[in-house]
Amino acid sequence: MTQRLDAIQKDVLTAIALGQSLESTMLHLCERVEALSSNVMCSILRIDEGGRLRTLAAPSLPEAYCRAVDGTEIGPVVGSCGTAAYYCRPVEVLDIESDPLWANFKDLALRNGLKACWSSPIVSVGRVVGTFAFYATECRSPTDFERNIVTACVDLCAIAISVADSRDRINKLAYTDHLTGLGNRAALRDKADAILADAAQQERDVCLFYLDLDGFKAINDLHSHGAGDRVLREVAARLSALASDADIVVRLGGDEFVVLIQSDGTPLLYERLARILCDGISGRYTIKEGTDAGLGVSIGIARFPQDGKNVDDLLAYADNALYKAKAQATTKYVFFDASMRKDQLQRRALERDISHALELGQLHIAYQPIINARRGKLAGFEALLRWTHPIRGNIPPSDFIAAAEACGAINELGRFALREACKEASRWPAPLRVAVNVSPAQIATNEFARVVEAVLAETLLRPERLELEVTESVFISDPDSAFHTLQHLKKMGISIALDDFGTGYSSLSTLRSFPFDRLKIDRQFVAGMTQNPDDAAIVRSVMALAHSMKMEAVAEGVETEEQKTLLGLMGCDFLQGYLFGKPERFAVYDALTQIVTATAAARYHPPSIPRQ
Ligand code: C2E
Ligand code: CA
Ligand code: CA
């Protein structure tokens with residue numbers, strides 16, 4: 001008998017070491033122990049966090065009895081197990097019918113044919129974590145051998161429970177986002193497969209909401225990271241409350257969250273939930289006492305099974321939709337649709353192709369004249385990248401610059417544009433200038449100023465003849481470093497223009513953040529100014545603003561004589577547009593630069609200012 005008990009111990013320890021589940025290990029233990037002794041039934045209970053008994057294993061006890069016991073709170077007179085756990089000592093009840101400890105439970109036990117119950121507490125790290133009990137169908141006390149079994153089993157159970165608890169704690173740590181207490185990316189990955197499989201089996205839909213906060217970065221930058229953390233915790237709390245029916249809510253990282261919810265899936269329901277999430281998350285958040293800040297949210301939504309069959313696809317598609325939601329000003333949630341998949345594939349293909357375009361010699365620079373409005377003379381050219389794709393033909397920069405930025409090719413492309421433009425401009429008569437567009441990603445590299453210096457040294461172009469055009473977004477990610485780089489370039493004698501003014505953020509604080517030499521008014525306002533009084537008013541005020549801040553104003557997209565005249569009257573300093581010339585290979589303008597006052601000037605008639 002003792003040998004058989006040793007064998008059971010060894011088997012159970014092996015099962016624990018192999019990581020088998022606590023339930024199956026305990027079940028196995030009960031079955032093996034019951035075989036050693038006649039007419040006993042074994043039960044192993046856990047004590048939950050609320051001090052209630054929970055059945056782990058009791059293979060031979062009637063199911064109705066186990067169900068009735070489950071959830072009973074431990075106490076001084078709660079049968080054998082509840083009392084053993086409460087006092088942390090073994091309780092041997094030889095006759096359930098007459099024992100006062102069983103007064104409230106004896107009917108249940110007797111109805112199920114149980115006459116005696118001997119229970120011992122399972123103690124792990126000084127705490128009662130469960131009970132191990134034998135039930136007998138006759139009134140009797142345990143034999144010595146049965147007492148030995150109990151002693152051995154109680155220790156085994158303590159080890160098994162403590163190992164299972166540690167495993168749960170480690171799992172919890174690995175699957176929890178420590179900042180917010182929500183699940184993390186690993187938890188999503190771990191649970192999503194089961195959620196999707198379950199939904200497939202029940203023919204239900206699953207909806208994945210991919211949330212990204214708007215304006216969070218500003219809070220992090222303007223206030224402390226501690227403030228950012230507080231806001232993220234608050235967002236997590238609101239999200240948990242708003243999506244309490246969700247199968248899982250996780251923080252993917254940064255300011256991105258995912259909600260996965262299974263339902264019978266009417267689009268209307270999802271739409272309503274999207275709206276609830278938008279309304280509930282966006283709003284004011286307390287940063288510290290007396291200070292709060294506004295936060296918005298954008299949501300991309302993908303559905304199972306119609307959009308994607310696994311969580312990776314759903315995430316990618318929801319991210320596509322999110323990209324679109326971010327760009328929208330009003331509706332901040334967007335459902336994925338198949339056209340976005342096509343867009344994404346095309347974007348990927350474009351990114352792949354643009355990264356090889358330079359080495360394959362598919363890029364060249366086009367030059368567009370810029371006219372000095374007052375003197376009616378050619379002032380220089382803007383250099384604009386052109387890509388001739390072997391299959392798709394000419395691809396406009398509006399399509400490929402973003403792809404080059406996304407795949408990192410922009411630095412190489414930008415360097416190419418800068419070198420080509422400076423090389424070309426070094427052959428022009430002074431003081432013709434060349435304006436080169438620069439992406440925020442280029443400025444963000446620490447070496448940008450050095451690259452420009454090297455190109456000027458190589459091409460022998462004087463810095464005063466180079467102008468760099470940047471957009472407001474240059475100040476978004478690291479404003480201080482962008483400022484220093486631009487300052488350095490300006491000190492070298494290079495002029496800096498703010499491009500596309502009037503679009504994007506158009507914040508006046510951008511104008512204050514750097515002493516730009518020129519301000520380029522976006523062509524959409526120029527296009528509208530002769531018809532739309534609002535556009536005309538914008539152009540006029542941008543011009544006034546530029547002049548009051550000692551900057552020169554450049555109007556882009558001048559296509560008609562009427563626009564030219566009106567801009568002249570408004571005091572615009574430089575004009576650029578199809579009226580004077582389209583972006584062309586430089587050969588087209590070669591003659592023009594040789595006689596600086598030629599074509600453009602001949603076509604150009606300065607407006608006469610009407611008398612008041
Ligand atoms: P941008 O800097 O605003 O360039 C002006 C754009 O307006 C050019 O478009 C030009 O062809 C177009 N344009 C000029 N005059 C007129 C006109 O009278 N009417 C109309 N409708 N359009 C006119 P393009 O060449 O397609 O360039 C688009 C954008 O691509 C540029 O906008 C610039 O932001 C970017 N880009 C071009 N080359 C480079 C480059 O080398 N580096 C970087 N980072 N961006 C570049
Ligand atoms: Ca430009
Ligand atoms: Ca522009």
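Order of appearance sets the numbers: ligands from 1, and atoms from 1 within every ligand. Computation of the quantities below employed the complete heavy-atom set of this structure, encompassing side-chain atoms and omitting hydrogens, waters and symmetry-equivalent molecules.
Here Val558 has backbone heavy atoms under 4.0 Å from ligand 1, and that is the only part of it that gets that close. Contact annotation: for Arg523 versus ligand 1, heavy atoms closer than 4.0 Å belong to the side chain alone. By the criterion of a heavy-atom distance under 4.0 Å, the side chain of Asp500, and not its backbone, is placed next to ligand 1.
Polar contact with ligand 1: present for Tyr578 (N/O pair, distance under 3.5 Å). Annotation: Leu385 places an N or O atom under 3.5 Å from an N or O atom of ligand 1; distance criterion only.
In the candidate list Ser439, Pro583, Ala402, Ser439 is nearest to atom 44 (N) of ligand 1, counting heavy atoms. The heavy atom nearest to atom 1 (P) of ligand 1, considering only Leu579, Thr560, Asp499, Ile401, is found in Asp499. The nearest non-hydrogen atom to atom 15 (N) of ligand 1, considering only Arg386, Gln576, Gln368, Glu556, comes from Gln368.
Between Arg185 and Val258 there is no side-chain heavy-atom pair separated by less than 4.5 Å. Annotation: side chain of Leu567 is in contact with side chain of Met543 (closest heavy-atom distance under 4.5 Å).
Close placement of the Phe586 and Trp428 rings is indicated, their centers lying within 6.0 Å of each other.
Phe336 does not carry Arg303 over the face of its six-membered ring by the limits of under 6.0 Å from the centre and within 45° of the normal. Taking the ring centre of Tyr323 as origin, the terminal cationic atom of Lys326 falls outside the region bounded by 6.0 Å and 45° from the ring axis.
Atom CZ of Arg233 is surrounded by more than 12 heavy atoms from other residues, nucleotides or ligands within 6.0 Å. Counting heavy-atom neighbours within 6.0 Å of Arg272 CZ, excluding the residue itself, gives a total of 12 or less.
Ligand 1 is approached by Gly557 to a heavy-atom distance shorter than 4.0 Å. Heavy atoms of Pro396 come nearer than 4.0 angstrom to ligand 1 in no pair at all. Ligand 1 has at least one atom lying under 4.0 Å from a heavy atom of Glu382.
By the 30° and 60° cut-offs, the orientation of the rings of Tyr333 relative to Phe335 is perpendicular.
Inspection of the Gln524 and Asp535 side chains reveals no N or O donor paired with an N or O acceptor under 3.5 Å. Neither side chain, Thr471 nor Asp500, offers a donor N or O lying under 3.5 Å from an acceptor on the other.
For atom 43 (C) of ligand 1, the closest non-hydrogen atom on the protein side is Asn437 CB, 3.6 Å. Scanning the protein heavy atoms around atom 4 (O) of ligand 1, the nearest turns out to be Leu384 CD2, 3.5 Å. Here the protein heavy atom with the shortest distance to atom 29 (C) of ligand 1 is Pro397 CB, 4.2 Å. Looking only at heavy atoms of the protein, atom 20 (C) of ligand 1 is closest to Glu559 OE2, 3.2 Å.
Within ligand 1, the atoms closer than 4.0 Å to a non-hydrogen atom of Gly577 are 15 (N), 18 (O), numbered from 1 in the order shown. For ligand 1, the atoms closer than 4.0 angstrom to any heavy atom of Ala417 are 41 (O).
Salt bridge Asp517/Lys490: present, at least one basic N to carboxylate O contact under 4.0 Å.
Taking the Ca ion (ligand 2) as reference, the nearest N/O/S atom within Glu382 carries the name OE2.
Counting only distance, with no hydrogens or angles, the side chain of Lys309 and the backbone of Pro305 share a donor-acceptor pair below 3.5 Å.
Less than 3.0 Å away from the Ca ion (ligand 3), the protein contributes these N/O/S atoms: Asp499 OD1, Asp500 OD1, Glu556 OE1, Glu556 OE2.
How far CG of Asn532 is from CZ of Phe525: 10.0 Å, rounded to the nearest 0.5 Å.
Within the 4.0 angstrom cut-off, atom 32 (O) of ligand 1 has no protein heavy-atom neighbours.
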| message | Determine whether Lys520 and Glu467 satisfy the following criterion, salt bridge (Lys or Arg N to Asp or Glu O under 4.0 Å), listing intermediate values before the conclusion. | response | CA-CA 12 Å; Lys520 297 192 81 168; Glu467 174 155 292; 5.9 Å; no
For residues 444-455, tabulate all N or O donor-acceptor pairs below 3.5 Å that involve a side-chain atom, not counting sequence neighbours.
{"from": "Thr445", "atom 1": "OG1", "to": "Gln442", "atom 2": "O", "distance (Å)": "2.7"}

